[in-house]
A.B. asks: 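Handing you this structure, nothing more for now.
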Amino acid sequence: MQASPQHPSRSKLGVLTDWKYSGGTVKSIVTNVRLTFWTNLRPDPALDLDQRQSLFLTRQLMGYVDSDGATKQQKALPPSVFKSMLRNTFTPMDESLGQLFCGAFFFR
């Protein structure tokens, strides 16, 4: 597990952005990698030779968690956004996306 989660990446427009992951994101990525190894009957990459979690990985994950900023509540979407998505029926694809969008936000 030598990948660095703090790397510059390209946005959709090709512009380089410096994006830093939060502690929760890094933990979930590591968990998904470990689960993938376990599912494919491979040894757990997060364990050391004594079958305990690597001290290096533990300290690194604690460092990411400590650097997380406070969560910021976002404003809710106004009902006019949902109405305009449902009214957009120029093509069958637009109609389907509008229904999917409204359903996804309703059941979220």
A.B. asks: Using the rule given for side-chain contact (heavy atoms from CB on, under 4.5 Å), can you reason through Val30 versus Gln60, listing the C-alpha separation, both sets of side-chain angles and the distance that settles it, and then say yes or no?
C.D. replies: CA-CA 11 Å; Val30 169; Gln60 192 167 8; over 6 Å; no

A.B. asks: Give every residue pair that meets the salt bridge (charged side-chain N to carboxylate O under 4.0 Å, His left out) criterion with at least one member in residues 45-58, sequence neighbours excluded.
C.D. replies: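 Checked against salt bridge (charged side-chain N to carboxylate O under 4.0 Å, His left out) - neighbours excluded - the pairs reaching residues 45-58 are Asp50-Arg52.
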
A.B. asks: Using a side-chain heavy atom cutoff under 4.5 Å and only I, L, V, M, F, W and Y, what cluster partners does Leu35 have?
C.D. replies: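 Listed partners: Trp38.
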
A.B. asks: Report the residues that fulfil ring pair (Phe, Tyr, Trp, His ring centres under 6.0 Å) with Phe37, sequence neighbours left out, ordered by chain and then residue number.
C.D. replies: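 For Phe37 there are no ring pair (Phe, Tyr, Trp, His ring centres under 6.0 Å) partners, ignoring immediate neighbours.
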
A.B. asks: To the nearest 0.5 Å, how far apart are CD in Gln51 and CG in Asp44?
C.D. replies: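 Interatomic distance, Gln51 CD to Asp44 CG, rounded to 0.5 Å: 8.0 Å.
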
A.B. asks: Only distances under 3.5 Å count here; give the side-chain donor-acceptor pairs of residues 72-86 to other protein atoms, sequence neighbours excluded, each with its distance to 0.1 Å.
C.D. replies:
residue : atom : partner : partner atom : Å
Ser84   : OG   : Ser80   : O            : 3.3
Ser84   : OG   : Val81   : O            : 2.9

A.B. asks: Before giving the answer on side-chain contact (heavy atoms from CB on, under 4.5 Å), spell out for Arg34 and Leu47 the whole-Å C-alpha distance, their side-chain angles and the decisive distance to 0.1 Å.
C.D. replies: CA-CA 10 Å; Arg34 292 177 75 183; Leu47 301 180; 3.8 Å; yes

A.B. asks: Identify, with sequence neighbours excluded, every residue that meets side-chain hydrogen bond (donor to acceptor under 3.5 Å, both in side chains) alongside Asp94.
C.D. replies: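 Asp94: side-chain hydrogen bond (donor to acceptor under 3.5 Å, both in side chains) contacts with Thr91.
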
A.B. asks: For Arg59, enumerate each residue passing the salt bridge (Lys or Arg N to Asp or Glu O under 4.0 Å) test, keeping only those at least two apart in sequence or located in another chain.
C.D. replies: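 Salt bridge (Lys or Arg N to Asp or Glu O under 4.0 Å) list for Arg59, sorted by chain: empty.
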
